[in-house]
**Student:** 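Sharing a structure, written as C-alpha cells. Questions coming.
Here, residue 1 is the first one in the sequence, and each next residue gets the next number. Since this is a predicted model, take the numbers as computed values, not measurements.
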Amino acid sequence: MKRVDHNKLVRDRIPDIIAAAGDRPTTRVLDRAEYIHELRRKLVEEVGEFNTSNDAEELIDILEVVYAIASRMGIDPIQLEKMRNAKKEKRGGFETKVFLIHTEPRE
C-alpha cells in the first residue's frame, strides 16, 4: 500500500485507531502557534464537510473544534455557553429566519 499524506490536526485517538487497523501513523506534537493555526484550519475543514454532507456528526466535530479554540482562549464550555446565551439575549438568535436585504440612511 502506498503512503497517504494527511498533514492535518486530528482527534487524539486517531493515531491509535489507525495503528489498530494495521497502518503506521507518523505524528508530531504541534507547538502553541501551530496548534492555534491548525485549529482554525480544522474549523474551516469541518464547516466545509458539514456544508457538503449536511450530517449532524459534522456539527459535533465543529463543536469540538470550537471548544478547543475557546479553551486556548481561557474559556471553558460552560462559560462559552453563558456568553452565547448573553449574546442571544442581547441580539437574538436565528430562529425567526430574518434575512436583511438592505438598509438606507434616515433622511
**Student:** Do I14 and L63 belong together in a cluster built from hydrophobic side chains that touch within less than 4.5 Å?
**Tutor:**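 No, I14 and L63 fall in different hydrophobic clusters.
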**Student:** I want to check something: taking the side chain as every heavy atom from C-beta on, are R41 and E45 in contact at a cut-off of under 4.5 Å?
**Tutor:**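 In short, these two side chains do not touch, never coming nearer than 4.5 Å.
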**Student:** Hey, could you give me the NE2/CG distance between H37 and D31, rounded to the nearest 0.5 Å?
**Tutor:**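 If I round to the nearest 0.5 Å, the distance is 11.0 Å.
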**Student:** Quick one: does R28's side chain get under 4.5 Å of E34's, heavy atoms only?
**Tutor:**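 Of all side-chain heavy-atom pairs linking E34 with R28, at least one is under 4.5 Å.
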**Student:** Between D61 and V65, is any pair of side-chain heavy atoms under 4.5 Å apart?
**Tutor:**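 Counting from C-beta outward, D61 and V65 never come under 4.5 Å.
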**Student:** Should I78 and M83 be regarded as members of a common hydrophobic cluster, given that ILVMFWY residues are connected when their side-chain heavy atoms come within less than 4.5 Å of each other, either directly or indirectly?
**Tutor:**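 The answer is no; the residues belong to distinct hydrophobic clusters.
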**Student:** Would you call E46-K42 a salt bridge at under 4.0 Å N-O?
**Tutor:**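 Answer for the salt bridge query: yes.
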**Student:** With the 4.5 Å side-chain cut-off for hydrophobic clustering, are L43 and L30 part of the same group?
**Tutor:**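 Yes; tracing contacts between hydrophobic side chains, which count when under 4.5 Å, links both residues.
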**Student:** If you count the non-hydrogen atoms of other residues, nucleotides and ligands that lie under 6.0 Å from CG in D5, is the total more than 12?
**Tutor:**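 Atom CG in D5 is crowded, with more than 12 foreign heavy atoms closer than 6.0 Å.
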**Student:** In this structure, are over 12 heavy atoms from other groups packed under 6.0 Å from R84 atom CZ?
**Tutor:**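 Yes.
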**Student:** Going by heavy atoms in the side chains, are V4 and H6 under 4.5 Å from each other?
**Tutor:**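 Yes, side chains in contact.
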**Student:** Please determine whether side-chain contact (heavy atoms from CB on, under 4.5 Å) holds for the pair L80 and V66, giving the CA-CA distance in whole Å, both sets of side-chain angles, and the decisive distance to 0.1 Å.
**Tutor:** CA-CA 10 Å; L80 187 64; V66 168; 3.9 Å; yes
**Student:** Taking the side chain as every heavy atom from C-beta outward, state whether F50 and I62 have any atom pair closer than 4.5 Å.
**Tutor:**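 The answer is yes, as the side chains (C-beta and beyond) meet within the 4.5 Å cut-off.
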**Student:** Using 0.5 Å steps for rounding, measure from the CG atom of D76 to the CD atom of E81.
**Tutor:**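 Between D76 CG and E81 CD, I get 11.0 Å after rounding to 0.5 Å.
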**Student:** Under 3.5 Å, is there a donor-acceptor pair between the side chain of S71 and the main chain of Y67?
**Tutor:**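 No; zero donor-acceptor contacts below 3.5 Å.
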**Student:** Are any side-chain N or O atoms of D55 and backbone N or O atoms of E58, one a donor and one an acceptor, separated by less than 3.5 Å?
**Tutor:**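 Pair absent, no side-chain N/O of D55 close to backbone of E58.
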**Student:** If hydrophobic clusters are built by linking Ile, Leu, Val, Met, Phe, Trp and Tyr wherever their side-chain heavy atoms come under 4.5 Å apart, do V10 and I36 end up in the same one?
**Tutor:**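 Result: no, two separate clusters.
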**Student:** Got a donor-acceptor contact below 3.5 angstrom from the E38 side chain to the Y35 backbone?
**Tutor:**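 Not a single qualifying donor-acceptor pair exists.
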**Student:** May I ask you to decide if G93's main-chain N or O and K88's side chain share a donor-acceptor pair within less than 3.5 Å?
**Tutor:**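 No; judged by distance alone, with no hydrogens or angles, the pair does not exist.
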**Student:** So if you build clusters from Ile, Leu, Val, Met, Phe, Trp, Tyr with side-chain heavy-atom gaps below 4.5 Å, do M73 and L9 land together?
**Tutor:**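 Shared cluster, yes.
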